[in-house]
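Proteins get letters first, then strands, A, B, ... in listed order; numbering begins at 1 in each.
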2 protein chains.
Amino acid sequence: MSYRAPVKDMLFDIRHLAGIDEIAKLPGFEEAGFDTAQAVLEECAKFNQEVVAPLNVAGDENPSSWKDGQVTTTPGFQDAYKQYAEGGWQGLQHPADFGGQGLPKTIGAACVEMLNSANLSFALCPLLTDGAIEALLTAGSDELKATYLEKLVSGEWTGTMNLTEPQAGSDLALVRTRAEPQPDGTYKVFGTKIFITYGEHDLTKNIVHLVLARVQGAPEGVKGISLFVVPKFLVNQDGTLGARNDVHCVSIEHKLGIKASPTAVLQYGDHGGAIGYLVGQENRGLEYMFIMMNAARYAVGVQGISVAERAYQKAVEYAKDRVQSRPVDGSIAASAPIIHHPDVKRMLMTMRALTEGCRAMATAAAAAYDAAHHHPDAEVRKQNQAFYEFMVPLVKGYSTEMSLEVTSLGVQVHGGMGFIEETGAAQYYRDARILPIYEGTTAIQANDLVGRKTARDGGQMARAIAAQVEKTEGELAKRNSVAAKAVLKRLSAARKAFTDAVDFIASQSKGNPNAAFAGSVPYLLLAGNLVAGWQLARSLLVAEDLAAKGEDKAFMEAKIATARFYAEHILARASGQRDAIVEGAESVTALSLEAF
Amino acid sequence: MSYRAPVKDMLFDIRHLAGIDEIAKLPGFEEAGFDTAQAVLEECAKFNQEVVAPLNVAGDENPSSWKDGQVTTTPGFQDAYKQYAEGGWQGLQHPADFGGQGLPKTIGAACVEMLNSANLSFALCPLLTDGAIEALLTAGSDELKATYLEKLVSGEWTGTMNLTEPQAGSDLALVRTRAEPQPDGTYKVFGTKIFITYGEHDLTKNIVHLVLARVQGAPEGVKGISLFVVPKFLVNQDGTLGARNDVHCVSIEHKLGIKASPTAVLQYGDHGGAIGYLVGQENRGLEYMFIMMNAARYAVGVQGISVAERAYQKAVEYAKDRVQSRPVDGSIAASAPIIHHPDVKRMLMTMRALTEGCRAMATAAAAAYDAAHHHPDAEVRKQNQAFYEFMVPLVKGYSTEMSLEVTSLGVQVHGGMGFIEETGAAQYYRDARILPIYEGTTAIQANDLVGRKTARDGGQMARAIAAQVEKTEGELAKRNSVAAKAVLKRLSAARKAFTDAVDFIASQSKGNPNAAFAGSVPYLLLAGNLVAGWQLARSLLVAEDLAAKGEDKAFMEAKIATARFYAEHILARASGQRDAIVEGAESVTALSLEAF
């Protein structure tokens with residue numbers, strides 16, 4: 001089997017870090033206790049291991065292809081997608097009102113991780129559909145909801161997000177696609193959109209494009225952007241498909257990775273205008289798009305965890321199998337499997353610790369999301385929402401950046417074989433490289449973290465998280481184990497490094513924004529590092545307690561060893577990250593432009 | 001122009017860090033002063049920019065191909081290689097006795113960097129030929145020298161290194177290829193070699209394979225390995241080509257990068273035995289191979305600098321051109337080229353600082369090599385040799401690991417365009433990934449650094465380097481500039497972190513080898529980080545002096561800014577690296593094998 005879902009680790013996080021039994025007490029989640037989580041994850045693991053994972057290499061070797069406006073996906077994708085939709089997987093987290101299962105994000109995120117581990121390229125199609133569903137749920141009229149939501153939730157149709165244009169990538173103020181109001185209340189849309197994931201494909205009969213465009217006379221910049229639904233095929237009153245709409249795929253990109261996922265250039269309105277339907281109100285498109293984006297950003301962070309997990313599994317398998325050289329401690333007198341060599345262990349532990357740390361962080365964030373949406377107390381909802389919003393750039397930015405490190409180590413563990421495409425390790429290295437770029441680059445995440453999430457409230461939320469970390473330090477201080485002491489030392493140092501950085505950013509952001517933003521990405525990495533290390537420290541506390549009770553001792557000991565490794569090798573980076581942020585801002589911008 | 005050789009920076013290092021005018025005082029290097037360096041580098045830049053660099057993308061898109069045992073290289077390679085050989089570039093560093101120019105490595109290394117920046121895949125062929133020349137110079141009989149050296153030095157023929165077999169990668173003890181002595185003093189060679197760079201190609205009429213094999217009855221393990229010359233075509237007494245030898249290319253690999261460089265599987269002796277000639281004495285093959293390997297390891301380190309430089313240049317070009325978003329400091333009221341954004345500057349400065357730091361380190365190491373081989377005083381030769389040998393794993397390990405970071409940032413600067421293959425940034429990311437693997441993985445370099453270079457002399461050489469760094473600190477302490485103070489702070493902290501690590505490794509290597517080797521790669525990275533930062537600190541001292549004299553002020557200020565950035569952002573990593581080595585060893589090996 002090429003992928004084995006880490007169900008046990010996921011359930012540990014869901015139970016002990018996210019507190020699924022507390023989530024199950026929230027209105028609407030009564031059925032979503034631990035048993036449900038376990039049943040759903042096991043079923044999901046089975047589906048992804050057996051149906052989706054085996055198509056991953058095929059997708060790389062035989063990517064989606066374009067001919068005369070049609071995109072043909074990798075052989076096997078159509079059937080797998082059919083099973084995905086029929087299994088009800090698309091609707092997992094979506095409301096029962098539209099045919100979904102209404103499960104918490106805490107459970108849904110684990111399923112998203114599995115699907116992406118199994119096949120990043122395949123998983124992108126449902127990921128974008130999720131975004132489209134979120135946008136329509138939030139801002140769509142009853143008519144739009146009635147027409148599109150059930151079909152999207154069931155997976156019968158898929159959704160896309162159309163933001164980017166050749167001149168407008170991170171900078172949506174530059175969007176030029178225009179929408180002309182028609183007498184019947186619809187709009188005609190004209191323009192070119194690029195980098196549209198699954199913008200065209202053969203998996204479903206219809207595709208629901210969500211498109212940013214300007215209505216004539218709208219204010220300049222981002223305050224003049226509106227959001228439109230533009231279906232590939234118009235939909236008749238009775239829900240059947242009508243005429244082909246004027247949106248056409250003129251090409252797809254030749255990419256470094258995720259090759260099976262078609263990245264389309266879409267041309268709107270070359271034959272009279274594509275018919276579009278306004279979502280919500282005019283000029284509020286960016287606001288709605290941010291709803292989709294926040295969902296998508298979290299999901300892309302999970303993609304980082306997914307590809308890291310799969311790269312780790314492959315590397316472990318190779319390291320146990322490949323025989324080379326004697327261990328340095330003389331424990332084996334002949335050449336031994338390379339997993340016996342300390343540096344191979346160091347690489348595998350780095351991969352494992354980063355992956356488990358980010359998974360723990362993402363799971364804790366998902367729990368906050370669930371509380372923010374379902375808790376009866378408005379104040380608790382608000383607090384959880386603020387925490388979740390702080391976490392989104394960390395889950396997106398840190399998990400995807402770490403996936404580059406993990407997939408690179410995955411190649412390295414394989415030695416020369418890692419560089420040969422047939423081995424498969426290189427695909428993860430290539431696939432992962434898009435993750436810190438799309439749905440907002442790491443710098444965009446970091447700007448969000450610095451500007452909206454840290455500076456705006458003067459560092460209040462950031463310090464509240466540091467205070468929570470300090471509580472965990474207090475619990476660690478009560479333990480006598482070597483591991484707890486080691487974790488305490490590094491967690492405490494990292495937390496102090498983080499608050500130094502928060503103080504610096506909060507104090508500089510107005511008077512000296514260049515200084516605050518010069519350290520924005522290091523600040524994001526430090527914050528992500530701290531939160532992931534903190535969640536693993538919480539794991540250690542739980543694992544020590546359970547190991548003492550004799551519960552699944554081998555697993556608990558591995559959890560403890562991983563938490564300690566994370567603290568000693570990854571949290572240890574925090575002091576350097578702090579120094580670069582707090583003392584290194586000036587040298588970032590010192591060189592004159594001409595000198596580059 | 002897709003590549004512009006950084007001749008000015010190279011000449012700065014050659015003059016001020018390597019001290020070319022001192023090297024020109026050594027016997028045999030009388031002609032090799034600064035003016036020669038400048039003339040050679042300018043000519044070399046011209047050749048590589050105009051002839052070799054334009055073939056880089058073509059090599060990726062239209063790689064070497066195999067058919068019926070023949071390898072066809074990328075169109076254009078034959079002509080470029082012809083010009084390379086005719087220009088005398090292969091012989092630059094090799095003895096005049098065999099037709100070379102006998103220039104110092106200090107100059108030669110800069111030319112190697114340019115060739116590799118221009119085209120990593122193309123440059124590998126001469127790189128391997130250099131290794132074959134070194135081995136024959138050191139251990140070949142007069143007859144072998146007379147038959148092969150002139151043809152190799154002129155570039156008329158090329159050379160290869162045949163170490164790896166399917167079961168023997170890093171572990172050469174497992175080599176199974178066998179050599180049977182023949183009555184006429186030759187040997188018949190039988191076996192399979194894999195990963196043979198330019199093991200077959202159409203650039204020259206003959207290929208000289210240097211092959212590790214066992215003679216029957218030889219001791220087991222690495223002490224029973226001998227080195228043989230096995231030419232593709234036998235050579236007649238008069239130097240003309242004779243019969244085709246029994247070595248055949250049965251396939252080439254499908255790789256992640258450096259696709260134009262054919263990576264051959266070579267089959268020896270399937271039709272009666274390949275005729276081979278013993279190099280030096282039986283069973284001393286590994287010793288000779290290490291001579292080639294040390295030359296090759298240094299050169300691969302330079303490849304890291306090369307690909308980093310080219311990735312940097314491409315990223316700068318894009319960042320100056322691509323317009324997106326307003327600067328955070330409000331300095332421009334409209335969307336601006338992305339180089340105005342602090343994080344883009346941070347990425348470019350990181351790329352620049354790492355590249356210049358590693359170039360400075362490699363140039364200083366080359367100067368030591370030249371002194372080690374040409375200084376009249378045996379004691380000075382010995383000291384320089386010890387310094388150079390300490391530097392080889394750093395140049396190889398650190399420069400190649402940093403090239404992964406730099407080429408990854410190169411993709412990131414390009415945003416979504418970086419992921420599109422046509423853009424070209426992705427090629428560097430793919431090409432670079434082999435560098436920390438071949439000619440000994442980073443872990444192999446780190447084992448060498450820990451075992452032979454640090455533990456064996458109880459950390460003496462390592463501490464001698466730290467003492468030299470301290471001298472530079474002393475000079476920095478006399479300066480009043482903000483930059484010098486900032487560099488002093490980080491250099492001093494990094495030097496202390498390094499000596500802590502040296503003490504730890506020297507004390508643990510015998511009693512607790514797992515602990516010493518658990519931190520081997522972090523120790524290599526810390527040492528490389530320190531030495532590169534130290535060389536940039538030396539650059540800053542020189543640049544401040546020259547700027548004060550009004551000499552090329554813009555260049556000198558850029559040098560100062562880059563040194564400071566390196567100190568504040570890269571040297572700042574040293575404390576975390578130290579902590580992981582000194583306090584994190586136990587957690588590397590704590591997890592049981594079953595738990596992975």
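- The candidate from B/Arg322, B/Arg326, B/Glu594 with the greatest count of non-hydrogen atom pairs under 4.5 Å with chain A is B/Arg322.
- Comparing A/Thr350, A/Asp343, A/Thr423 by how many heavy-atom pairs each has under 4.5 Å with chain B, the most go to A/Asp343.
- Two residues are said to be in side-chain contact when any heavy atoms from C-beta on lie closer than 4.5 Å; B/Lys255 and A/Glu421 fail this criterion.
- Among the candidates B/Ala518, B/Ala585, B/Pro327, B/Ala516, the residue making the largest number of heavy-atom pairs closer than 4.5 Å to chain A is B/Ala518.
- Using a 4.5 Å cut-off on side-chain heavy atoms (C-beta onward), B/Ile339 and A/Phe596 make contact.
- A side-chain N or O of B/Glu568 and one of A/Ser587 form a donor-acceptor pair less than 3.5 Å apart.
- Both the backbone and the side chain of A/Thr442 come within less than 4.5 Å of a heavy atom of chain B.
- Both the backbone and the side chain of A/Met417 have a heavy atom closer than 4.5 Å to some heavy atom of chain B.
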Please determine whether side chain to side chain contact (heavy atoms under 4.5 Å, CB included) holds for the pair B/Leu591 and A/Arg352, giving the CA-CA distance in whole Å, both sets of side-chain angles, and the decisive distance to 0.1 Å.
CA-CA 11 Å; B/Leu591 201 70; A/Arg352 178 187 179 103; 3.8 Å; yes

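- For the set B/Lys320, B/Gln412, B/Glu583, the entry with the most heavy-atom pairs within less than 4.5 Å of chain A is B/Gln412.
- Contacts of B/Arg433 with chain A are made by both backbone and side-chain atoms, with heavy-atom separations under 4.5 Å.
- Residue A/His341 does not touch chain B at all, counting heavy-atom pairs closer than 4.5 Å.
- Side chain of A/Gln324 to main chain of B/Asp171: a donor-acceptor pair is present (N/O by atom type, distance under 3.5 Å, no hydrogens or angles).
- Put simply, of B/Asn514, B/Leu174, B/Val316, the one with the most heavy-atom pairs under 4.5 Å next to chain A is B/Asn514.
- Atoms CD and NE2, from A/Glu422 and B/His254 in turn, are 6.0 Å apart once rounded to the nearest 0.5 Å.
- Proximity to chain A is absent for every atom of B/Arg578, based on heavy atoms less than 4.5 angstrom apart.
- No part of B/Ala173 comes within reach of chain A, as not one of its non-hydrogen atoms sits under 4.5 angstrom from that chain.
- For B/Ile338, no part lies near chain A; criterion is any non-hydrogen pair under 4.5 Å.
- Taking chain B as the reference chain and counting heavy-atom pairs below 4.5 Å, the highest number among A/Gly451, A/Ala580, A/Ala446, A/Ser592 is found for A/Ala580.
- In this model, no donor atom of one side chain and acceptor atom of the other lie less than 3.5 Å apart for A/Gln577 and B/Arg573.
- Using bins of under 30°, 30° to 60° and over 60° for the plane-to-plane angle, the ring pair A/Tyr429/B/Tyr429 lands in the parallel bin.
- Listed here is the closest heavy atom pair of B/Ala558 and A/Ala595: CB-CB, 4.0 Å.
- Contacts between B/Ala168 and chain A at a heavy-atom distance below 4.5 Å involve the backbone alone (N, CA, C, O).
- Proximity to chain B is absent for every atom of A/Ala554, based on heavy atoms less than 4.5 angstrom apart.
- Between B/Phe419 and A/Tyr438, the distance from one ring center to the other does not fall under 6.0 angstrom.
- The shortest distance between side-chain heavy atoms of B/Ile437 and A/Val411 falls below 4.5 Å.
- Not a single donor-acceptor pair under 3.5 Å links the side chain of A/Glu253 to the backbone N or O of B/Ile420.
- If you measure heavy-atom distances from B/His414 to chain A, you find no contacts under 4.5 Å at all.
- Dense packing is recorded around CD of A/Glu405, with more than 12 heavy atoms of other residues, nucleotides or ligands lying under 6.0 Å away.
- Counting heavy-atom pairs closer than 4.5 Å to chain B, the top-ranked of the candidates A/Ala483, A/Ser335, A/Ser331, A/Ala567 is A/Ser335.
- Looking only at side-chain heavy atoms (C-beta outward), B/Arg346 and A/Val521 come within less than 4.5 Å of each other.
- Interface residue B/Gln167: only backbone heavy atoms are found under 4.5 Å from chain A.
- Within the 4.5 angstrom heavy-atom criterion, atoms from both the backbone and the side chain of B/Ile434 approach chain A.
- In terms of heavy-atom pairs under 4.5 angstrom with chain B, the leader among A/Asn512, A/Asp329, A/Asn447, A/Val482 is A/Asp329.
- Most heavy-atom pairs under 4.5 Å with chain A, from the set B/Gly415, B/Gly418, B/Ser408, B/Ala353: that is B/Ser408.
- The contact between B/Ala443 and chain A is made by backbone and side chain atoms together, counting heavy-atom distances below 4.5 Å.
- Chosen from A/Ala590, A/Ala574, A/Gly416, the residue pairing most often with chain B at heavy-atom distances under 4.5 Å is A/Gly416.
- For the set A/Gln313, A/Arg490, A/Glu557, A/Met347, the count of heavy-atom pairs under 4.5 angstrom toward chain B peaks at A/Arg490.
- A salt bridge (Lys or Arg N to Asp or Glu O under 4.0 Å) with A/Glu586 is found for one member of B/Lys485, B/Arg564, B/Lys345 and no other, namely B/Arg564.
- With chain A as the partner, the residue from B/Ala561, B/Ser575, B/Pro436 showing the most heavy-atom pairs under 4.5 Å is B/Pro436.
- Rounded to the nearest 0.5 Å, atoms CG (A/Leu256) and CG (B/Leu256) are 8.0 Å apart.
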